[in-house]
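Every value quoted in this text rests on a predicted model; they were computed, and no experiment measured them. Values below: every heavy atom of this structure, side chains too, minus hydrogens, waters and symmetry copies.
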Amino acid sequence: VAGAIASASRSSMRGGPQRHGEIPWVVADSKAVYQSGKGFTTLEHGVLVALTMLGQTPRTWRGLWEVLAPSSHQARQAHPWYADFDTPIPLEADADSIAALAQDVSQSLALSGVRLVTLCSRPIFESEFNSLVERHGSKGTLLSQAAMELAARCVESVPQGTVTVVCDKHGGRNHYRELLMQWFPDYLIEVYSESRGESLYRFGPADRRVEFRFRAKAEGCLATALASMASKYLRELAMRAFNAFWCSRVEGLKPTAGYPLDAARFKKAIAPIQQRLGIDDRMLWRRR
């Protein structure tokens, strides 16, 4: 797989600016691909190339959410900064380059017997996050349950044959048998290894074996890295809507990236308008 992707990336650059531009298909840990204030084009380009390979070419902010997170509509509408927001996409990447490179990558992957079949994400919005943390008791448990919800759905979508699921470690934990038992109660979960590097589990009959690998730095796996990028892209699109809402109502307000170091400044600046609009803290402020 890595060889096929490298080949596709080299092919795109050989095509020259007249055809594809100079941006290869980069798939890696989203934290390496994108850092606040830089790298957004590479992140957006990578995710939209993947979606184009799937025959999905959303042209608006809302359309992108419907493709990557179709079940998120109701939760989005519950937040005023998402409810009425929309904008054309791509925001920074070149649409023609995306289409051409998607064709090259698909052909290169096919030569290696590899095919991308789906890409999806499970976003957890502000108020939903607070409610779920209260239900589960901790942020870590919430994230594990949400990840398994998505993983179980993906396993069920594969009609036959063996399945391997690669997940990043959850907060450095090494033991996941009980978590898997909750989501796959009809099977005996077999423990093959539980270490700092990887925890490996298998279950199911011989013709339908399911394997879960929880890895440290799992973004070294193509599928996990692409999933990381898809979720990061959605997160950054959400921040565009969030900042557009508040910056249009507070004169001179500097946008926020949404991380803790800047949160207190932003919350203090929007406080008068927030109170006037009657927006509860649970809608925008994470409790834990």
CZ of F203: more than 12 outside heavy atoms within 6.0 angstrom? yes
dist R135:CZ -> E128:CD (nearest 0.5 Å) comes out at 8.5 Å
Do L284 and Q274 have side chains that approach each other closer than 4.5 Å (heavy atoms only, starting at C-beta)? yes
Judged by atom type as modelled, is there a donor-acceptor pair below 3.5 Å linking the side chain of W61 to the main-chain atoms of P88? no
Ignoring hydrogens and angles, tell me if any N or O in the side chain of S106 forms a donor-acceptor pair with the backbone of Q103 under 3.5 Å. no
Check S248 against A244 and note the closest heavy-atom contact, atom names and distance. OG-O, 3.1 Å
Side chains of Y82 and Q77: do they bring a donor and an acceptor to under 3.5 Å? no
Please find the pair of heavy atoms, one from A225 and one from D29, that lie closest to each other, and give the distance. CB-N, 4.1 Å
Do NZ/NE/NH1/NH2 and the carboxylate oxygens of K169 and E219 come within less than 4.0 Å? no
Flag the pair W65 / S121 as yes when at least one side-chain heavy-atom distance between them is below 4.5 Å, and no otherwise. no
Working to the nearest 0.5 angstrom, can you tell me the gap between M148 CE and C154 SG? 10.0 Å
Hey, does V191 have a side-chain heavy atom less than 4.5 Å from the side chain of H175? no
Do side-chain atoms of N243 reach the backbone of P255 as a donor and acceptor pair under 3.5 angstrom? no
Is the closest basic N to carboxylate O distance between R76 and E126 below 4.0 Å? no
OH/Y34 to OH/Y233 distance, rounded to the nearest 0.5 angstrom? 11.5 Å
Only one of W183, F184, Y187 passes ring-ring contact (aromatic ring centres under 6.0 Å, His included) with F212, and that residue is F184
I'd like to know if the side chain of N174 reaches the main chain of E194, judged simply by a donor and an acceptor atom lying under 3.5 Å from each other, with no hydrogens or angles considered. no
Pi-cation contact, Y201 with R177 (under 6.0 Å, within 45°): no
Would you mind checking if E211 and R213 are paired as a salt bridge, meaning a charged N to carboxylate O distance below 4.0 Å? yes
Would you say the side-chain atoms of S112 pair up with the backbone N or O of V114, donor to acceptor, closer than 3.5 Å? no
So do V155 and R208 actually touch side chain to side chain, heavy atoms under 4.5 Å? yes
If we ignore angles and hydrogens, is there a donor and acceptor under 3.5 Å between the side chains of S144 and T141? no
Specify whether H79 and F125 have parallel, tilted or perpendicular ring planes, treating 30° as the upper limit for parallel and 60° as the lower limit for perpendicular. tilted
If you look at every heavy atom in I98 and A93, which pair is closest and at what distance? CD1-CB, 3.9 Å
Side-chain contact, heavy-atom cut-off 4.5 Å: L91 with L237? yes
Please name the residue in the list T57, V105, V47 that meets the side chain to side chain contact (heavy atoms under 4.5 Å, CB included) test with T52. T57
Taking all atoms of both residues into account, what is the closest heavy-atom pair of A230 and L68, and its distance? O-CD1, 4.2 Å
Check whether any side-chain heavy atom of V133 lies under 4.5 Å from a side-chain heavy atom of S131, and answer yes or no. no
Going from CG on L142 to CG on L132, what distance comes out if it is rounded to the nearest 0.5 angstrom? 5.0 Å
Can a cation-pi geometry be assigned to R240 and F242, taking NZ or CZ under 6.0 Å from the six-membered ring centre and within 45° of the ring axis? no
Give a yes or no on whether the ring-centroid distance for Y176 and H170 is below 6.0 angstrom. yes
Checking the side chain of S228 only, and the main-chain atoms of S30 only, is there a donor and an acceptor separated by less than 3.5 Å? yes
Any E66 side-chain heavy atom under 4.5 Å of Q56 side chain: no
Heavy-atom pair of closest approach, residues T224 and V166: OG1-O, 3.3 Å
Any donor-acceptor pair under 3.5 Å from N130 side chain to R286 backbone: no
pair V67-P58: side-chain heavy atoms closer than 4.5 Å: yes
Salt-bridge present (K217, E198; N to O < 4.0 Å): no
Would you mind checking if D280 and R282 are paired as a salt bridge, meaning a charged N to carboxylate O distance below 4.0 Å? no
Is the side chain of R62 donor-acceptor paired with the backbone N or O of T87 at a distance under 3.5 Å, no angle test? no
For G46 and M229, which heavy atoms make the closest approach, and how far apart are they? CA-CE, 3.9 Å
Output the distance between atom CD1 (I279) and atom OG (S127), rounded to the nearest 0.5 Å. 11.5 Å
